[in-house]
Amino acid sequence: NEVFWKLLDEILHDKNFIKPLFKKYMAMLNTRGITSVKEIGFDEFSGFQNILSELESEEFRDSKSVELRKKQIRTKFEHKTFSGRIALSSEQVEDGEYNISDFLSEKITRLCRKTRNIEIGKILKEAPEKNVSNFDELKDTINDLNPERHNTLVLSQSLFKFLDKEKSSDGNYILKINKKERYSENLYVDDVIVVSDEVLGVKGDKVAFVGDLYNFATLFERNKNSLRWVSESVIYGMSLMLYTRFVVKKIETDCAFFIK
């Protein structure tokens with residue numbers, strides 16, 4: 001309802017009302033071990049950025065009871081709408097004898113994940129490039145990252161297949177990855193993910209992203225997914241279309257590399 005977000009805008013800009021609530025919220029986060037906040041402005045109306053800036057210059061900054069060390073990152077974005085056809089007709093719904101809820105849930109999850117992965121991959125390719133020609137150089141690149149961050153290695157399938165066959169001088173395989181737990185025994189990263197080549201490039205590309213994945217790229221989702229029956233002139237019937245709104249933005253640029 002349009003009334004609600006307009007009212008929310010007024011509330012969030014009432015500094016006398018919102019500042020005490022924000023301080024309480026920060027105090028709660030501090031009790032749970034969170035002492036650093038990365039503030040990402042949402043659209044134009046939240047007002048949190050201005051409040052945070054004011055709090056930095058007030059006595060609140062030096063309070064013994066509340067520790068606020070904030071890294072503020074501002075980014076502007078516009079959500080994009082993606083749509084895709086689900087292989088299901090109205091005739092199938094009427095005539096089928098299967099569980100339609102389970103069927104749709106699986107299809108929606110798979111299509112949304114694939115769409116998001118492709119968009120995330122486009123952003124990951126914008127990380128500073130590093131040319132790597134052997135396993136030792138890969139390890140050097142990883143070891144150049146800040147070890148205090150949660151670093152993730154995202155391998156294209158072609159690069160993984162290549163590295164998976166590399167052997168040491170004594171004939172043992174070099175790369176050791178636990179697929180179930182998604183970690184490597186001999187690479188200093190927190191997570192290892194293998195994706196299809198098309199997520200990070202094209203078929204056959206031996207490339208990878210390594211770094212703080214969750215701070216390098218952020219996924220902004222808007223509302224829930226929606227379904228709509230659309231007339232199909234080709235099949236002379238109705239087909240189901242999925243609509244999803246989100247955008248992926250590059251946030252921190254100095255915490256990752258794109259390996260080629």
Side-chain angles (χ1 to χ4, degrees), residues 77-88 103-135 137-138 141-142 145 150-166 173-184 187 189-222 225-227 230 234 239-253 255-260:
F77 60 90
E78 295 181 359
H79 285 94
K80 299 178 181 179
T81 300
F82 300 85
S83 62
R85 180 177 178 273
I86 296 179
L88 178 72
F103 176 83
L104 281 178
S105 177
E106 180 181 347
K107 290 284 187 181
I108 292 171
T109 300
R110 186 181 304 169
L111 188 56
C112 285
R113 181 173 61 242
K114 182 177 181 181
T115 304
R116 281 160 172 72
N117 284 347
I118 291 174
E119 293 302 307
I120 291 172
K122 292 178 181 178
I123 299 300
L124 299 188
K125 288 187 288 185
E126 296 181 11
E129 292 186 0
K130 280 266 190 174
N131 291 317
V132 170
S133 59
N134 55 55
F135 194 77
E137 290 183 2
L138 173 62
T141 300
I142 292 173
L145 295 167
H150 188 101
N151 292 315
T152 300
L153 176 62
V154 184
L155 294 164
S156 69
Q157 189 174 9
S158 289
L159 180 57
F160 172 73
K161 289 167 65 177
F162 173 77
L163 294 175
D164 195 40
K165 295 178 181 179
E166 287 289 283
Y173 289 108
I174 298 177
L175 187 64
K176 297 179 180 179
I177 293 178
N178 185 314
K179 180 179 179 181
K180 183 178 181 181
E181 301 296 333
R182 298 203 313 183
Y183 78 91
S184 171
L187 292 174
V189 291
D190 299 283
D191 298 306
V192 178
I193 303 173
V194 180
V195 298
S196 65
D197 292 351
E198 289 78 6
V199 171
L200 295 177
V202 297
K203 192 69 174 177
D205 278 355
K206 297 181 178 67
V207 294
F209 167 93
V210 63
D212 191 343
L213 173 62
Y214 301 103
N215 283 306
F216 181 83
T218 297
L219 172 69
F220 298 91
E221 295 189 277
R222 186 76 163 182
N225 301 321
S226 60
L227 296 171
V230 178
V234 177
S239 64
L240 194 60
M241 295 291 292
L242 169 67
Y243 296 88
T244 182
R245 296 186 66 202
F246 69 92
V247 68
V248 184
K249 293 287 289 185
K250 179 173 60 178
I251 304 301
E252 296 189 42
T253 60
C255 61
F257 298 110
F258 188 72
I259 297 170
K260 304 183 73 174

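The basis for the numbers below is simple: all heavy atoms, side chains too, and nothing from hydrogens, waters or symmetry mates.
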For the [atom1] atom of [X] and the [atom2] atom of [Y], what is their distance to the nearest 0.5 Å?
X      : Y      : atom1 : atom2 : value
Phe209 : Leu200 : CZ    : CG    : 9.5 Å
Phe135 : Glu166 : CZ    : CD    : 9.0 Å
Glu129 : Phe257 : CD    : CZ    : 12.0 Å
Leu163 : Leu187 : CG    : CG    : 8.5 Å
Asn131 : Thr141 : CG    : OG1   : 9.5 Å
Lys161 : Leu155 : NZ    : CG    : 13.5 Å

Worked verdict on Leu175 versus Phe160 for side chain to side chain contact (heavy atoms under 4.5 Å, CB included): CA-CA 9 Å; Leu175 187 64; Phe160 172 73; 4.1 Å; yes

To check you understand the geometry: which heavy-atom pair defines the closest contact between [X] and [Y], and what is its length?
X      : Y      : value
Val132 : Leu138 : CG1-N, 3.5 Å
Pro128 : Ala256 : CD-O, 3.4 Å
Lys206 : Ser156 : CA-OG, 3.8 Å
Met241 : Val230 : CG-CG2, 3.3 Å

Short side-chain to backbone donor-acceptor contact, Asn151 and Asp190, under 3.5 Å: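 No: the side chain of Asn151 does not pair with the backbone of Asp190.
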
Check: Lys176 main-chain N/O paired with Ser184 side-chain donor or acceptor under 3.5 Å: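 Here the side-chain-to-backbone pair exists.
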
Short side-chain donor-acceptor distance under 3.5 Å, Asp191 and His150: yes

Compile the donor-acceptor pairs under 3.5 Å between side chains in residues 111-119 and protein atoms, sequence neighbours left out, one pair per line.
unit_1	atom_1	unit_2	atom_2	d
Thr115	OG1	Leu111	O	2.8
Arg116	NE	Glu221	OE2	3.0
Arg116	NH1	Thr244	OG1	3.2
Arg116	NH2	Glu221	OE2	2.8
Arg116	NH2	Thr244	OG1	2.9
Asn117	ND2	Arg113	O	3.4
Glu119	OE2	Lys122	NZ	3.0

Over 12 non-hydrogen atoms of neighbours within 6.0 angstrom of NZ in Lys125: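 Yes, because the 6.0 Å sphere around NZ of Lys125 holds more than 12 heavy atoms from other groups.
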
Within 6.0 angstrom of Tyr243 OH, more than 12 heavy atoms from elsewhere: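 More than 12 within 6.0 Å, yes.
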
Residue list, side-chain contact (heavy atoms from CB on, under 4.5 Å) with Ile123, at least two apart or on another chain: Glu126, Phe216, Ala217, Val248, Lys250

Residues that Lys203 engages under side-chain contact (heavy atoms from CB on, under 4.5 Å), provided they are two or more places apart: Asp197, Glu198

Non-hydrogen side-chain atoms of Val207 and Phe258 separated by less than 4.5 Å: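 SC-SC contact between Val207 and Phe258 confirmed.
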
Within-4.5 Å side-chain heavy-atom neighbours: Leu124 and Leu213: yes

